[in-house]
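Here is the structure we will look at, set down as structure tokens.
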Amino acid sequence: MKFTPAKPPLTGETLDSLAEKLRAGGEPAFRAKQILEWVYKKRARSWDEMTNLSKPLRTWLDQNFDLMPATLVFNQQSHDITDKLLLELGDRSLIETVIIRAPQEGVGLDHSRKTICISTQVGCAMACVFCASGLAGFKRDLNAGEIVAQLLQVCYREDALTPRAHSELASFDNIVVMGMGEPLANYDALLRALAIINASWGLGFGARRITISTSGLVPKILQLAEEELGFRLAISLHGATDEVREKIMPVNKAYPLAKLLPAVKAFSEKHGRMVTLEFILIDSVNDSLEQAQLLRDIARDLHAHVNLIPYNTVEGLPWKRPSITRQERFADILRDARLSVTLRREKGHDIDAACGQLRLKTEKERTATAAV
Ligand code: SAH
């Protein structure tokens with residue numbers, strides 16, 4: 001289902017596209033830079049804050065653009081480590097944006113490293129059997145403005161918590177495109193959004209600090225390898241053989257390992273940076289020692305980093321995480337091969353941090369309320 005907003009979101013405009021629209025509306029094009037400075041550097045929340053613009057121009061802008069296409073519905077915190085923003089879009093769709101804080105020794109949470117996890121679709125069509133995002137199916141793609149708006153909402157929140165002397169800076173360290181949706185299935189909007197996030201007139205955020213995670217859309221991985229901006233890539237592998245992967249990820253039928261792995265290798269060689277292989281550990285599904293050995297061989301061949309993630313249980317789904325001992329035994333096979341491996345001590349388990357869970361719960365509550 002396609003969503004056409006009444007007014008296009010300002011956060012989906014590039015410097016050039018905004019200048020062009022201003023020109024067409026009879027306004028001087030140089031105003032585009034001033035407007036975007038208000039949005040991304042000064043974090044203006046209303047047109048009236050843009051005091052170096054004339055009143056008629058502010059009225060024109062209000063008539064022609066939606067300043068912020070995502071409004072904060074609520075904010076859920078877990079032990080000060082994971083902060084989850086539930087955002088509502090123009091058509092009442094809900095999306096999630098997560099702030100993950102990694103506390104550093106000797107400094108307060110204010111100075112912790114922050115990774116922001118953003119969504120690219122409402123729901124998801126990939127139908128991975130273990131994932132909450134796909135449970136209610138696919139609703140629609142996000143537009144570029146809605147993707148960018150998630151990061152501005154994070155900036156608003158962080159600015160309020162820790163006003164910085166240089167408030168122009170983005171207040172986080174990394175962006176991971178690992179929220180709801182399959183990012184590479186919404187390629188054009190994603191790339192437009194990331195260009196805005198990266199641009200000096202936008203958030204000025206380095207491409208090397210942005211990781212795109214995919215379930216394995218091979219043609220799009222190859223396309224991404226050709227992009228000028230060098231984003232990092234993470235692959236949701238979750239199975240070291242077609243047999244195991246196919247059971248839990250339907251995408252493996254179209255793009256089995258024999259197609260996926262060479263594409264990952266091509267990407268990695270082009271970029272000269274390590275790709276990350278994500279591997280959720282699900283009890284009795286993909287956590288055998290044989291899978292560990294095969295994963296080790298794949299990672300070695302690709303010079304890839306391996307991120308092991310104990311499965312987050314999802315209400316209504318039967319899957320469980322393996323015991324800690326089993327997780328460690330799996331990890332040891334990779335560690336013994338001197339591979340770069342992390343076994344995620346996962347954060348936010350208590351606040352439905354696994355993608356799609358908070359939204360799903362809220363959607364269910366809405367349906368229940370509507371039925372009363
Ligand atoms: N569609 C993209 C990005 C979104 S999912 C992708 O597949 O990579 C982000 C990551 O969370 C993926 O690796 C996904 O497999 C994983 N994931 C989904 N549900 C999970 C759960 N319940 N517990 C742990 N990880 C989960």
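When a ligand or atom number is given, it counts from 1 through the structure's own listing order. Since the structure is predicted, the reported quantities are computational estimates derived from the model, not experimental observations. We use all heavy atoms of the structure for the numbers below, so side chains are in, but hydrogens, waters and symmetry mates are not.
No part of Trp319 comes within 4.0 Å of ligand 1, judged by heavy-atom distances. Contacts between Ile235 and ligand 1, counted as non-hydrogen atom pairs separated by less than 4.0 Å, are absent for every part of the residue. By the criterion of a heavy-atom distance under 4.0 Å, the side chain of Ile280, and not its backbone, is placed next to ligand 1. Contact annotation: for Glu182 versus ligand 1, heavy atoms closer than 4.0 Å belong to both the backbone and the side chain.
The atoms of ligand 1 that sit less than 4.0 Å from any heavy atom of Thr214 are 6 (C), 7 (O), 8 (O). For ligand 1 and Cys131, the ligand atoms under 4.0 Å from any heavy atom of the residue are 18 (C), 19 (N). Close contacts of ligand 1 with Glu278, meaning ligand atoms under 4.0 Å from a residue heavy atom, involve 13 (O). Close contacts of ligand 1 with Val314, meaning ligand atoms under 4.0 Å from a residue heavy atom, involve 22 (N). Near Ser236, with a cut-off below 4.0 Å to any heavy atom, the atoms of ligand 1 are 6 (C), 7 (O), 8 (O), 12 (C), 13 (O), 15 (O). Close approach of ligand 1 to Ser215 is summarised as follows: ligand atoms under 4.0 Å from at least one heavy atom of the residue are 6 (C), 7 (O), 8 (O). Distances below 4.0 Å separate heavy atoms of Gly181 from the following atoms of ligand 1: 1 (N), 2 (C), 3 (C), 4 (C).
Contact analysis puts Pro183 in contact with ligand 1, with a non-hydrogen atom separation below 4.0 angstrom. Ligand 1 lies nowhere less than 4.0 angstrom from a heavy atom belonging to Ser133. In this structure, Met180 does not count as a contact residue of ligand 1, since none of its heavy atoms falls inside 4.0 Å of the ligand. Ligand 1 is never approached by Ala234 to a heavy-atom distance shorter than 4.0 Å.
Using a cut-off of 4.0 Å between Lys/Arg side-chain N and Asp/Glu carboxylate O, Arg101 and Glu158 are scored as salt-bridged. A salt bridge links Arg335 with Glu328: at least one charged nitrogen is closer than 4.0 Å to a carboxylate oxygen.
A side-chain donor-acceptor contact under 3.5 Å links Thr241 and Gln291. Side-chain contact, Thr71 with Glu88: no donor N or O sits under 3.5 Å from an acceptor N or O.
Among residue pairs with one or both ends in residues 54-64, those qualifying as side-chain hydrogen bond (donor to acceptor under 3.5 Å, both in side chains) are Trp47-Asp62, Asp48-Arg58; sequence neighbours excluded.
Connection of Leu237 to Leu222 is established within a shared hydrophobic cluster, with ILVMFWY side chains joined at heavy-atom distances below 4.5 Å, either directly or through further cluster members.
Under a cut-off of 6.0 angstrom, the local environment of CZ in Arg329 is sparse, with at most 12 non-hydrogen atoms contributed by other residues, nucleotides or ligands. Within a 6.0 Å sphere centred on CD of Glu290, heavy atoms belonging to other residues, nucleotides or ligands number 12 at most.
For Arg326, the salt bridge (Lys or Arg N to Asp or Glu O under 4.0 Å) test picks out Asp287, with sequence neighbours left out.
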